[in-house]
Structures are given as C-alpha cells and as structure tokens.
Amino acid sequence: MKDWAIEARGLTKRFGTGADTVTALDRVSVTIRENEFFTLLGPSGCGKTTLLRLIAGFELPSEGKLLLHGQRIENLPPFRRPVNTVFQSYALFPHLSVLRNVAFGPEMQRRPKAEIEAEARRMLELVRLEGFERRLPRELSGGQQQRVALARALAGRPRVLLLDEPLSALDLKLRREMQIELKRLQHETGITFVFVTHDQEEALTMSDRIAVMSGGRILQIGTPTEIYEQPTSRFVADFIGETNFLDAHCEQVAEGRAQFRLSSGDLVQGLAIPGLMSGSEVTLAVRPERLDLLADGQPGIPATMQDLLYIGNDTVCTVALADGTELQVRVQNRHGAIHASAPGSAVRVGVEPQAVRVVGD
Amino acid sequence: MTDPAKNPLFRFPGLKPAAWLFFVFLYAPIVVLLALAFNDNEQATIWTGFSTRWFGIVLDNADLIRAFNNSLIVATTATLLATTIATLAALGMNRARFRGQDGVNALISLPLIVPEIVTAVATLLFFIMLGFRLGLGTVILAHTVFCIPFAYLPIRARLEGMDPRLEEAAQDLYANRRQTFLRVVLPQLWPGIISGAMLAFIISLDDFVITYFVAGAGATTLPIYIFGMIRIGISPEVNAVSALMLAISIVFVAASWLVGRVRR
C-alpha cells in the first residue's frame with residue numbers, strides 16, 4: 001500500500017444541477033503505483049481529463065476519496081498538492097521569460113534564491129533548452145514551448161506529474177520525438193507520470209499501464225499487452241486496434257477451453273473466461289492479424305474472398321463466412337504481395353484458440 | 001499591400017471628395033483655433049503676428065489655474081475610483097456565472113448611451129434629494145460613476161482574451177490566490193487597466209454637461225471656466241487654454257492606445 005502514488009476510491013464528479021446534471025466521472029476506483037507511467041485512454045468526453053483535473057485539484061469531487069502517497073488530498077486546493085501539470089495548451093505565462101516560467105514553482109515554494117535559479121537552469125538542461133532562458137514563450141516554436149511547460153512542471157518537484165494530452169498540438173515527427181523524450185524524462189526523474197491521451201498508439205508505446213475509460217468509468221486497467229491481447233469488453237477491443245466481433249453460442253466449456261458455434265454454423269475453439277456458461281450467447285473478439293488465410297481444402301472455416309487491400313507491409317483481406325458475416329484477415333507480406341485469392345474465390349480462415357476472446361458488452 | 005486602385009472601395013464615386021470634406025470639416029476649426037492661439041492681436045479672429053503671450057496670460061490667470069487644479073483633482077480622484085471599481089467589476093463578471101449576467105453587463109455599459117443631459121439633471125435632483133451640498137465632492141462622485149463604463153470596457157476585453165488555464169497553471173505551481181492574482185493575472189491585465197484609466201481620465205477632464213449641473217460654487221472646472229470666458233467675449237486666451245487642453249488630451253489618448261497595444 002505504501003508504494004501507491006495515487007489511490008482513488010469511488011471518485012465521482014457531477015457538473016450542473018437538477019435536470020442538467022452531467023456525471024463526468026462515475027465511481028472511479030484506481031491505484032497508480034510509484035514511478036509508473038500510467039495512461040488514461042479514451043475518446044473525448046470519457047472523463048479522463050476530469051479525473052486528471054480532480055487529481056490536480058482544479059475540480060473538487062462530488063463524492064469519493066483521493067489519496068496521494070497515503071494522504072487524503074481530495075479537498076486540498078491545487079497549490080497545496082505536490083502534483084504538477086503539463087497543460088494541453090501549455091499555459092506558459094506570456095509575460096515571463098522562459099527562465100522565470102520554469103522558476104515560478106520553486107519561487108512559490110520559497111526555496112533559497114540561489115537554488116531556484118540553479119534548479120530552473122537544470123530543468124531547462126534536462127529538456128535540452130539551454131540558451132533559451134531569456135526568450136519569451138511567444139518567441140518559441142510549439143515543440144520548444146512544450147519543453148518549457150515540461151521543465152516548469154518538473155521544477156516544482158512533483159510527486160506525480162500530470163500530462164493532459166501534451167503532444168496533441170505537435171506534428172507527427174515532433175510527437176514521436178517527444179514520446180521518446182517523455183519516456184527518457186520519466187526514467188531519469190523517477191517521477192510518477194499520469195498521462196491523458198485519446199491516441200491508442202501513443203498509449204500502447206509509452207505506458208507501463210493503461211486505464212481505458214468510457215462514459216465516466218474505467219473499463220479496464222492493464223499493461224499495454226493485456227489491454228491489446230486480452231480486452232474484457234467490446235468497447236476496449238474496438239477502441240484499441242482493429243477487431244472482428246462475432247456473435248456466437250457457447251456450446252461447451254471444459255478445462256479452460258470453450259467451443260463456440262458461430263452464427264454461420266461453423267465451430268471454433270477459444271479460451272474460456274471465468275463465469276462462462278455453456279449455452280450462453282456471447283460476443284467473440286478476434287484481431288485480424290491473429291487469423292490465418294488458408295487455401296481452400298485446408299482445415300479452417302470456409303469463407304469467400306471479398307476484397308483485398310494492399311497497405312505495404314500487410315494486406316488486409318475481407319472474407320465472408322457462410323451466412324455473410326464479414327471478417328478482416330490481416331496477412332503479412334513476408335514473401336511479397338499475396339496474389340493467391342481473387343475476390344469471389346473460396347478460401348479457409350484458420351483460427352487458433354488463443355486468438356479468440358470472449359468480451360462483455 | 002494591395003493596390004489601392006484595385007480595391008473596390010476606391011471605385012465608389014465621390015469617395016475622395018466626401019472623405020476630404022469630412023476631414024476638413026472635422027479638423028479645420030481645430031487647426032484654426034490652434035493657429036489663433038499664437039495670434040498677437042486682441043481680437044481672436046484677426047491675425048496680426050505671431051506671439052506666445054496669450055499662453056503667458058493664461059498661466060498668470062489665478063482663476064483659470066484654480067479651475068485647472070479642480071479639473072485635475074476631479075479627474076485624478078474619479079479615475080482612481082472608477083478604475084478600481086471597473087477592475088473589480090470586470091474580474092467578477094469574468095469569473096462568476098449567474099442568471100441575468102448579460103443584463104448586468106449591459107447595465108454597466110448603459111451610461112455610455114444615456115443622453116448626458118438626462119444623467120446630469122437626474123444626478124442633480126438626486127443629490128438635492130439626498131441633501132448633498134454641491135461642490136467638488138459631488139462632481140467627483142458624478143464623474144466616478146460615468147467613468148466606470150469607460151474604464152470597464154478595455155479591462156473586460158483584456159480579461160476575455162486571457163487564457164483561464166494561466167490561473168490554473170499558477171495555482172498548480174503552488175501560488176495561492178493572492179499570489180496568482182499579483183503574479184499572473186495583474187501583469188496580464190495591466191495594459192487594459194492603464195488603457196481604461198487613461199480613457200476615464202480624459203473623459204472626466206473633458207466633461208462639461210454633468211459637471212455644470214452638479215458643481216456648486218467654488219467647484220469650477222476648466223471646461224466650465226472656458227465656457228464662462230466665451231460668454232464674456234472670445235479672446236485669444238480661450239484659444240490658448242483650448243490648445244493646452246487639446247495637447248493634454250492627445251498625450252493621454254495616445255499613451256492609452258500605446259499601452260493597450262503592449263503584449264497583445
């Protein structure tokens with residue numbers, strides 16, 4: 001319990017009153033470990049930014065508890081929380097030089113004068129902005145402003161650093177650079193990072209753990225691999241990466257395996273999840289790259305080729321099962337582009353049991 | 001720059017003469033007034049030679065200097081009060097969200113369009129009803145009130161253009177509310193406040209109608225004194241005073257404009 005940086009219990013935030021009440025955050029409970037790169041991922045309006053603002057103290061929760069290293073903080077004003085924020089719009093103070101921006105936090109903390117200056121310079125060095133001390137924020141490029149915002153937040157020596165979609169205003173190349181930079185900074189400073197994004201790729205590549213949010217709730221928390229490979233709900237499977245959803249009837253459950261009958265009548269083997277009952281109707285999620293495209297006559301589900309989409313490294317094939325259910329199959333072009341099956345030809349789709357996940361709604 | 005000949009505005013017939021007429025009508029009297037301030041002749045309208053003696057006579061006129069001092073006292077006090085109130089109002093209106101806010105906002109600016117004579121009569125009757133003795137105090141009170149909207153508008157505009165995240169960022173970096181205001185909000189707001197204050201000052205310095213009604217004996221301000229001078233007869237002294245006032249106005253308005261442009 002000691003190594004939890006942040007612990008939220010039943011955190012709820014409602015905006016408005018009476019009939020106009022909107023529940024932005026609905027009984028969210030989550031624990032974030034010390035030194036963790038933790039990402040809140042979800043579409044806009046899912047509550048991820050509200051959760052971040054509650055941790056920062058810009059909003060106070062309607063209900064629930066919030067602990068920072070074991071201390072209750074949910075009712076403290078932002079300036080009493082050892083937590084700093086990198087804003088999406090950077091929010092640099094336009095009337096202060098880069099150095100004074102970075103020194104703002106230490107000054108407000110009333111640290112010794114000499115230390116303030118040294119700390120600010122050290123932070124600017126950390127984000128590789130030496131030589132920009134006397135510039136005004138408006139004289140910097142977007143990427144440089146981003147670095148100042150980072151340095152400013154880090155100079156406050158936060159226990160937890162909050163980042164609200166900090167890379168969304170940067171172009172693709174700069175974003176890649178900053179992703180690497182952020183990972184490096186987190187590694188070097190050993191500070192807990194709570195990162196908000198709607199970009200699933202960003203979340204997968206940077207995070208130690210991800211919380212996928214929707215409708216003010218956390219749907220699933222896990223490592224990037226867990227979130228991608230073992231989504232527990234349809235929303236998570238759909239939001240992260242591409243997924244085929246298949247309606248199926250569970251025929252039989254035994255020894256961690258289950259047998260499903262698809263709406264096309266074909267049988268597939270899959271992994272059982274706790275609580276799965278034979279005879280129940282379920283939704284199966286299968287990633288396109290986990291399916292195999294086989295020649296007609298080989299063991300697999302019979303299907304008809306509909307369409308091939310060549311995208312360079314892969315080819316995405318759309319095939320139709322007996323009842324017309326469409327499936328995406330992603331084939332690696334390891335030996336050059338596949339030409340084998342023209343649209344309309346009969347093929348087989350190979351499904352390994354580990355690739356078949358039962359997801360809730 | 002676009003070629004003026006290609007701008008459709010300049011193809012509008014009669015635009016040039018109309019524009020010239022407008023500027024001549026507007027500024028010719030002022031130019032004449034300024035020129036005649038340097039006229040040597042006793043008769044203000046007959047030019048006989050260049051002289052600055054009227055400025056000397058103006059500065060030796062004890063009554064006039066007293067009126068000018070009154071004007072300065074009124075304008076300075078009213079500006080300080082009106083700008084302070086306007087700043088607080090703008091901050092409040094920017095942060096609070098309440099029902100009827102648009103109405104309140106309109107009410108703050110309404111004095112700008114109420115005919116001055118109406119305000120003047122109403123204010124006079126109001127002071128008499130309350131039993132106030134007319135004097136510099138009543139003038140300052142009246143000026144403060146009608147200066148508020150002039151000071152309010154530039155400050156509010158400045159606030160509207162401010163990123164609300166800046167205050168959050170300051171608080172996030174351990175600044176309490178007072179520090180946030182002093183270190184982040186006020187420096188951002190400063191050009192708006194200066195701009196509003198200068199506007200209020202010049203409006204107050206200039207005012208005639210309301211002042212004429214609510215000023216008692218001994219509270220004569222410069223515009224009222226000038227009006228009194230003209231009734232006796234137009235002497236170049238009036239021209240000289242007017243020239244001095246114009247110079248002060250131009251300095252203030254220009255300064256207000258320059259400060260307003262800073263850090264936009």
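Letters A, B, ... mirror the listed sequences (proteins, then strands); counts begin at 1. Excluded from the calculations below are hydrogen atoms, water molecules and symmetry mates; all remaining heavy atoms, backbone and side chain alike, are included.
- In terms of heavy-atom proximity, B/Ala169 sits nearest to A/Ala91 at CB-O, 3.8 Å.
- Heavy-atom distances place no part of A/Leu96 under 4.5 Å from chain B, backbone and side chain included.
- Residue B/Phe98 places its CZ atom among more than 12 non-hydrogen atoms of other residues, nucleotides or ligands, all under 6.0 Å distant.
- Among A/Leu162, A/Val86, A/Val83, A/Leu136, the residue making the largest number of heavy-atom pairs under 4.5 Å with chain B is A/Val83.
- At most 12 heavy atoms of other shown residues, nucleotides or ligands fall within 6.0 angstrom of atom CZ in B/Phe126.
- In this structure, the side chains of B/Arg165 and A/Gln88 stay at 4.5 Å or more apart for every pair of heavy atoms.
- Shortest non-hydrogen contact noted between A/Ala153 and B/Leu173 is CA-CD2, 4.5 Å.
- Annotation for B/Gln101: atom CD counts as buried by contact number, over 12 foreign heavy atoms lying within 6.0 Å.
- Contact tally against chain A (heavy-atom pairs below 4.5 Å) for B/Gln171, B/Glu168, B/Glu167, B/Gln179: the top residue is B/Glu168.
- When the shell of 6.0 Å around CZ of A/Arg80 is examined, it contains 12 or fewer heavy atoms from other residues, nucleotides or ligands.
- Here the side chains of B/Thr180 and A/Phe79 are not in contact, with every heavy-atom distance at 4.5 Å or above.
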ask   = Hey, mind stepping through B/Leu166 and A/Phe93 against side-chain contact (heavy atoms from CB on, under 4.5 Å) and telling me if it holds?
value = CA-CA 7 Å; B/Leu166 291 180; A/Phe93 304 126; 4.1 Å; yes
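- More than 12 heavy atoms of other residues, nucleotides or ligands shown are found within 6.0 angstrom of CZ on A/Arg209.
- Across all their heavy atoms, B/Asp172 and A/Asn84 have their closest contact at O-ND2, 2.8 Å.
- Taken from CG in B/Asp163 to CZ in A/Phe87, the straight-line distance is 9.0 Å, to the nearest 0.5 Å.
- The shortest distance between side-chain heavy atoms of A/Arg81 and B/Tyr174 does not fall below 4.5 Å.
- No part of A/Arg100 comes within reach of chain B, as not one of its non-hydrogen atoms sits under 4.5 angstrom from that chain.
- If you take CE on A/Met108 and CG on B/Asn176, they are separated by 8.5 Å, rounding to the nearest 0.5 Å.
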